[in-house]
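Letters go in sequence order (proteins before strands), and every chain restarts at 1.
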Amino acid sequence: MKELSKAYEPQKYELDIYQTWEESGYFDPDNLPKAGEPFTISMPPPNATGTLHLGHAVMLAIQDLMVRFWRLKGRQVLWVPGTDHAAIATQNVVEKKLWQEEKKTRFDFERDDFVKQVTDFVENSKTTIRQQFRAMGASCDWSRERYTLDEGLSQAVREVFVKMYNDGLIYRGHRIVNWCTRCGTTLADDEVEYKEQKTKFYYLKYGPLVIGTARPETKVLDKVIIVHPDDKRYQKYIGQEFDVPWIDGTVKARVIADPVAEPETGTGAMTITPAHSFTDFELAQKYGLEAVKIIGPDGKLTEKAGKFAGLNVKSARQAIVEELRARGLVDRIDDNYVHNLSICYRCSTPVEPMPSEQWFVAVDKEFLHVSGRRVTLKQLMKETVADGQIEIIPERFVKVYHHWIDNLRDWCISRQIWFGHRIPVWYCGGIDQTSTLKMGFAETVIPRVLAGMTRTYRIHDHHFKIGDRVAFENSRDNLLFGYGTIVQVERAAIKNISLADQLHQTFYKSVDELLAAFRCHYPPTEVITGDTEAILYTYTFESIDDKESARQGCGRIVVSVDKPQNCPGCGSQKPVQDSDTLDTWFSSALWTFSTLGWPAYAKTATAGRPGPKNDLANYHPTDVMETGYDLLFFWVARMILMSTYALGEVPFRKVYLHGMVRDKQGRKMSKSLGNGIDPLEMIAKYGADALRLAMIIGTTPGNDFKLYEEKIAGYRNFVNKLWNICRFVLMSVTEPKLVETVPPTVTVADKWILSRFNKIAGLVTDKIETFEFSVAGEALYDFTWHELADWYLEVAKIEGGKDEILNYLLTQILKLWHPYTPYVTELLWRESFGSEADLLMIQRWPTDLPVINEAAEKEFTVIKQIVAAIRAYRAENKVSLKSNLSVLIRGFDLSAEVINLIEKLRTGSQVSNNSENKAEIVLHFNKGQLTLKQL
RNA sequence: GGACGGUUAGCUCAGCGGUAGAGCACUGCAUUCACAUUGCAGGGGUCAUAGGUUCAAAUCCUAUACCGUCCACCA
């Protein structure tokens, strides 16, 4: 006989159990015994910023449930963990920390040093996250852990980028983009959030018309008015030009008719600001208008704003409204205008639309797909879901998904932040001043250089070769004034220098004077005079007189997986990489296959062979993508895009979307509200199993759910119940043993419980397979507590001789619970069956199920009802158990054993069957229905 | 403006065509029997509102209200 402690204390065992699992090696599918078909889940990589929160806990609970279930079903299970570098989010966290601790911004550091700091920070959080994910009991394969900035994954990023570029799907364009002035970077359309805000709406006199705007500060240079072509009020102005007194003097304005102007909105007339509005930018393109940037990347007004230059948006608005008022141009102001303000999803700073040169992924452009068809990325994304290659659960998100794609615009993928994957694009030469070689020129020579005379001289030390990128520097004040690429190098003895060269004729009267000039420009050691052996090098270069256009060098750009040695256009050996990084979702979009060895093993991976090098063939497409519905667009859609594009296969077969965790008031958990529940605290208090149950039972896919401590405590009670069921079994049987075959039955109760077990096991299996985890869990919970514990164990105390059945039920029930509550079940398994039995996590899911016995079920139901009726009679009539009660049952034929059972099931009764003695209560049966009769 | 989800016992939620369900909370009883992180019994709901379909509606349809979310717009 074995005795467990009275209550389960999770804290005492969890770490040890996890360690046992991990050391067993079974998280790695290559080590699983008799492995069957693969089953794969790519774990959504948490941001490498912080700590475990309830969102992670939910995903881990659900995914671990599936993973453990399928492992018990004999599948070759791979669950790949990892972390996401989360570009902006992570950089922001580090920036915030640097500011708080040292009052420094990233611009106080060299780029590499700053990135190093972020990298160190990330290493730290990764360690934390690993431990926390273990605490949840996640049975993922840590030997295959990945990080989006790993070399392999970065290679995947570059590979896909280059492929897309070559397919014409990635392009660099000057377009209006969302700009966060705080983060100093662009944002994708879906990285912009909206917040309703009450603001002032200004009606301004603009020539003979009145226009409405919420943003007067952008209107400084507006000179085109749009009205609806059918708007009667403005018919007479269409096509006309006016001199309009405006913010900064008088502007020449004209009126254009276009149906975008809605007569009902505002005054029906609007001026357009091409540089700071998406719709206006489109209009400007349509009518060939210039887009002048009024607001700069720093959020301040540019020099184009005249006297308002340098003001930030807020003060500029005030100043400009003041100016308008002074000029008598304010018609009226509406104070109650509700404006939908766009803000950055990472830092909540208002987002400014502004034109900028960025990299985009074209979603509407046709290309030749690996399938041989000409398609667009949008079509690929849509068709895989429409034709059922990918199933989304719950189904209603299919519509949301399609609607999103229909509205999708080209995806802006470049970011002006430092932490992330550098865009694999190199420019000829380069603008990077630190890596550009300098050449000094006497001030007097500069005009000649700029005029296109492209020769200069340097003595003795041969610093430059063909293709070198050189910066022209004024040797007097050391200012750079231009760039050039050396295209020819000639070597000559110094004595051969003559003034025949036109350049020298102009500026120097003799060789001595020329040498004297050199002495001024270079350190003395570089100029050797009076020695006929001295060598002078003559360089010829292409001059580019403007710093900005110098950026493109000879004009060639190289898009390549590896850093190019030199420029294919001019041979420049100083290719300079684009300073931008990629949108973090670009790399996470590759997650399902970049983590499995693409592209390194894409060609050699072989299905059926073990080892990480074959993962791509064995485990892709993955089976299920389980994540929150908030990531449907950001991530799920983009994974579908990238996988179908790059591999020509779906990234996963099914998408299961869970809801968001909220507090008891239905609010989002947030740090500022202080309503967050710390999962680790809950684990410490109630155990990981209880937390897992609280997040799975009572929740439905795609719907938000509320989590609070009492709920977790409730499931802690259940886990303890399970513990005590096992404790009871171990105390009652002579020898605990693993029973896999259906045991023989003796009594009605035996037949009933095994029949019920069969049904529940079948239901649990079906429901887990169809992603109804809550339904399965609830049914199992009800069976375990209210049938097995409340009834069968009570019967067992009376009837006895049930070792085989109790051992069977224990063996099987632990398996059924394992996906939900891995810790307690694994521990009970070990406690019950000893160390000679292998781990519960790799047992076989119950397959040898007892027969369903409807008759026994019906009969036992009657027993339950009789017992309940007697107990109810006692409770209602306040008849204590101490006083005996006689019961007459009519209409049902009860055996002597059954009557004995009823009497002993805490009814304290003497039961008679079909007799006519002095019963205090009569239970009457009619067609199986029970009615209670009191005499 | 469009779409989606919710509205069921005091609270949190299942159920989605066939006599209202669970957990928690509440009330009464039990006092150590595997478990008080317990057991037994009980109270409590015209399933948001109004119409309709049906032999039968929480469940299907059509409106409405309120709560929430997403998308679009935003002069």
Return the residues of residues 687-695 of chain A meeting this criterion: a heavy atom under 4.0 Å from some atom of RNA chain B. Order them by number, or give none.
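RNA chain B contact set from residues 687-695 of chain A: none.
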
What's touching nucleotides 66-75 of chain B from the protein side, N or O pairs under 3.5 Å?
from	atom 1	to	atom 2	distance (Å)
B:C73	N4	A:Asn340	ND2	2.3
B:C74	OP1	A:Thr279	OG1	3.3
B:C74	O2'	A:Tyr337	OH	2.7
B:C74	O2	A:Asn340	N	3.4
B:C74	N3	A:Asn340	O	3.3
B:A75	O3'	A:Ala214	N	3.3
B:A75	O2'	A:Gly212	O	2.2
B:A75	O2'	A:Thr213	N	3.4
B:A75	N6	A:Val260	O	3.2
B:A75	N6	A:Glu262	N	3.1
B:A75	N1	A:Glu262	N	3.1
B:A75	N1	A:Glu262	O	3.4

Using a cut-off of 4.0 Å between protein heavy atoms and nucleotide atoms, how would you tag nucleotides 22-34 of chain B 5' to 3' with B, S and -?
-S----S----SB

Take atom [atom1] of [X] and atom [atom2] of [N], then tell me their distance rounded to the nearest Å.
| X | N | atom1 | atom2 | value |
| --- | --- | --- | --- | --- |
| A:Ile870 | B:G39 | CD1 | P | 21 Å |
| A:Arg716 | B:C35 | CZ | C1' | 12 Å |
| A:Asn703 | B:C13 | CG | C1' | 11 Å |
| A:Glu9 | B:C35 | CD | P | 14 Å |
| A:Asn720 | B:G39 | CG | C1' | 14 Å |
| A:Ile697 | B:G15 | CD1 | P | 14 Å |
| A:Arg874 | B:G42 | CZ | C1' | 17 Å |
| A:Leu905 | B:A41 | CG | C1' | 16 Å |

[X]: what forms a side chain to side chain contact (heavy atoms under 4.5 Å, CB included) with it, not counting sequence neighbours?
| X | answer |
| --- | --- |
| A:Val385 | A:Ile390, A:Ile392, A:Val398, A:Tyr401, A:His402, A:Ile640 |
| A:Thr218 | A:Arg215, A:Thr273, A:His276, A:Ile295 |
| A:His403 | A:Asn407 |

Please report the distance separating the [atom1] of [N] from the corresponding atom of [M], rounded so that it comes out in whole Å.
| N | M | atom1 | answer |
| --- | --- | --- | --- |
| B:C26 | B:C33 | C1' | 27 Å |
| B:U38 | B:G44 | P | 25 Å |
| B:G45 | B:G2 | C1' | 36 Å |
| B:C60 | B:G5 | P | 11 Å |
| B:C40 | B:A48 | C1' | 37 Å |
| B:U27 | B:A63 | C1' | 43 Å |
| B:A34 | B:U12 | P | 38 Å |
| B:U62 | B:C4 | P | 11 Å |

Less than 4.0 angstrom from a charged side-chain N to a carboxylate O is my criterion; do [X] and [Y] meet it?
| X | Y | value |
| --- | --- | --- |
| A:Arg638 | A:Asp190 | yes |
| A:Lys737 | A:Glu804 | yes |
| A:Lys706 | A:Asp663 | no |
| A:Lys286 | A:Asp258 | yes |

Between A:Ser774 and B:A14, does any side-chain N or O lie under 4.0 Å from OP1 or OP2?
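No, no such contact exists.
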
For B:A3 and A:Lys399 - does any side-chain N or O of the residue sit under 4.0 Å from the phosphate oxygens OP1/OP2?
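No, A:Lys399 has no side-chain N/O under 4.0 Å of OP1/OP2 on B:A3.
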
Worked verdict on A:Thr770 versus A:Glu772 for side-chain hydrogen bond (donor to acceptor under 3.5 Å, both in side chains)
CA-CA 6 Å; A:Thr770 53; A:Glu772 295 168 86; 2.9 Å; yes

Using O4'-C1'-N9-C4 for purines and O4'-C1'-N1-C2 for pyrimidines, with syn meaning within 90° of 0, is B:A58 syn or anti?
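Base orientation: syn.
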
Ring pair (Phe, Tyr, Trp, His ring centres under 6.0 Å) partners for [X], two or more places apart:
| X | value |
| --- | --- |
| A:Tyr202 | none |
| A:Tyr206 | A:Trp246 |
| A:Trp404 | A:Phe633 |
| A:Trp829 | A:Phe833 |

RNA chain B: stems of at least 3 consecutive Watson-Crick or G-U pairs whose donor-acceptor distances fall under 3.5 Å
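Stems found: B:1-7 with B:65-71, B:10-13 with B:21-24, B:26-30 with B:38-42, B:48-52 with B:60-64.
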
Base, sugar-phosphate, or nothing for A:Arg871, non-hydrogen atoms under 4.0 angstrom?
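Sugar-phosphate contact only - A:Arg871 comes under 4.0 Å of backbone atoms but never of a base.
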
Pi-cation contact, A:Phe728 with A:Lys797 (under 6.0 Å, within 45°)
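Yes; both conditions hold, so A:Lys797 lies above the ring face of A:Phe728.
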
All side-chain hydrogen bond (donor to acceptor under 3.5 Å, both in side chains) counterparts of A:Asp410, not counting sequence neighbours
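So A:Asp410 forms a side-chain hydrogen bond (donor to acceptor under 3.5 Å, both in side chains) with A:Tyr171.
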
Look at the aromatic rings of A:Tyr808 and A:Phe757 and report parallel, tilted or perpendicular, splitting at 30° and 60°.
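Aromatic pair A:Tyr808/A:Phe757 classed perpendicular.
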
